[in-house]
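Remarks on the structure that follows.
Proteins get letters first, then strands, A, B, ... in listed order; numbering begins at 1 in each.
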2 protein chains.
Amino acid sequence: MPHVKSRREQYSDATRAALLEAATRRFAERGFAGTSLEDVAADIQATRGAVYHHFGSKPALFEAVAEALESRVMREVAEAAEGARDPWSAAIAATEKFLDWCCDPVYSRVVWQEAPLALGWVRWKELEKEYSCGLIEQFIQLLIDAGEMPPLPLEPMTRITFHMLGAAGMAISEVPEQDRFRVRAEYAETIAHLLKGARR
Amino acid sequence: MPHVKSRREQYSDATRAALLEAATRRFAERGFAGTSLEDVAADIQATRGAVYHHFGSKPALFEAVAEALESRVMREVAEAAEGARDPWSAAIAATEKFLDWCCDPVYSRVVWQEAPLALGWVRWKELEKEYSCGLIEQFIQLLIDAGEMPPLPLEPMTRITFHMLGAAGMAISEVPEQDRFRVRAEYAETIAHLLKGARR
DNA sequence: GCATACGACATACACAGCGTATGTTTCCAA
DNA sequence: TTGGAAACATACGCTGTGTATGTCGTATGC
């Protein structure tokens, strides 16, 4: 039973989606502290009441925005790795796709620059553990199982890799649009070199 | 001309130092957003007026706190490397001393967790460029000059190393006291392996 | 088909915290 | 001893969050 949506529910869903979109734009342009819920609501001709009704708080709204972005990006990253024929090229493909996304101003600003501030480190790390860290751990485990990498302690290796990629993400995101491609290439080269060095 | 300090200046200096100390404790315990200037001032039986007189703004106060910590830690790190006889063991010694300090709850919290949020990425990057990143860059340049490392792009390598070390420091500080030694060893092993892989 | 409940918002208000403008006191210097 | 400036304190305005309450339309039971 698919439960056909009533008109009310459709309106409600539309409002929620519009708020999410407006918030994404605002957060990406002005940052977390720089955007008031008043602004977000006004963008869709509503009031803060609507925001609090749907999301409950400002951090909760931001978290919804960040999660929507993360789930989309991580899905694409995972897909990019699926075509590869061995664990190593899978990891490389995933890294490339991830760096691509780091060039996106919305993703890089929201997830890498604003999220730790908005959610606090603890909550942010939980989120990343669920998305990026989870993926990274899978790849590393595969590499170790395949004998491509010595059996280093899994968690440190995962987190260090995560922070290496994070460094790239932050660096790329803070650079002006026209330099992104060059900076991306530099970081890709450096990371590739470090990871290849870790290969046995 | 030594300019003997008047009583007023001594009082003023004492107030400033007391504010700095109170702010350091508050920021380390409650974070930047979680501490109000009211609290800081009240800790030393003063009002916010004193804070604004001496520091001008909340971020400026935080920056003074962070700089005091950084300059002390980086001095110690640099000293630790001075005894070494070659660039590689100097870098190792510096890393060890840095990891020691990352175990310190005040330093790791203020400089690694709160500073980017409090000062904004731009200002934080400038600060780190002056302190930790500056040191790291020197070591890497020395290693490249000595032919111990291939000539990778300097800035990415610096920042990636910076974040790798930061990952270790944060992971260590999250773990209960009795596990620190083990976790520190795991991260040291992993980082050493990655850096050795980068060695030519 | 009509009353009623409930969901989806809007409105109004309380409150915290930053910054600033304006006192007030205390010390130093001429 | 007396201006004057430094070192604060006091008071106020403002922005923005969260919450409590009001209102209106739509689904639903009878």
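- Whole-Å rounding puts the B/L61 CG to C/dG19 C1' distance at 14 Å.
- Each of B/P153, B/S132, B/C133 was compared with B/T158 under the side-chain contact (heavy atoms from CB on, under 4.5 Å) criterion, and only B/C133 meets it.
- In this structure, the CD atom of B/Q10 is 18 Å from the C1' atom of D/dC8, given to the nearest Å.
- Spacing between atom CG of B/L37 and atom P of D/dT10 amounts to 16 Å, rounded to whole angstrom units.
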- Note on the structure: With B for base contact, S for sugar-phosphate-only contact and - for none (protein heavy atoms under 4.0 Å), nucleotides 20-30 of chain C reads B-----BBS--
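- In this structure, A/S36 reaches the sugar-phosphate backbone alone: every heavy-atom distance under 4.0 Å involves primed, P, OP1 or OP2 atoms, never a base.
- The existence of a salt bridge linking A/K129 and A/E126 is excluded, since no basic side-chain nitrogen approaches an acidic carboxylate oxygen closer than 4.0 Å.
- With rounding to whole Å, A/F55 atom CZ is found 14 Å from C/dC9 atom C1'.
- At whole-Å resolution of the value, CG in A/L19 and P in C/dA10 are 9 Å apart.
- Mapping A/V51 and B/K58 onto DNA chain C via the closest heavy atom, the residue that lands nearer the 5' end is A/V51.
- Considering only residues two or more places apart in sequence or on other chains, A/E21 meets the side-chain contact (heavy atoms from CB on, under 4.5 Å) condition with A/R25.
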- I would like to know whether B/D100 and B/R184 meet salt bridge (charged side-chain N to carboxylate O under 4.0 Å, His left out); could you show each step before the answer? CA-CA 9 Å; B/D100 285 345; B/R184 209 201 110 129; 2.4 Å; yes
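- Aromatic pair A/F162/A/W112: centroids less than 6.0 angstrom apart.
- Whole-Å rounding puts the B/D13 CG to D/dC8 C1' distance at 14 Å.
- Listed nucleotides D/dA9, C/dA10, C/dC9 differ in distance to B/A50; the shortest reach to its side chain belongs to D/dA9.
- Rounded to whole angstrom, the span from the NE2 atom of A/H53 across to the P atom of C/dA8 amounts to 4 Å.
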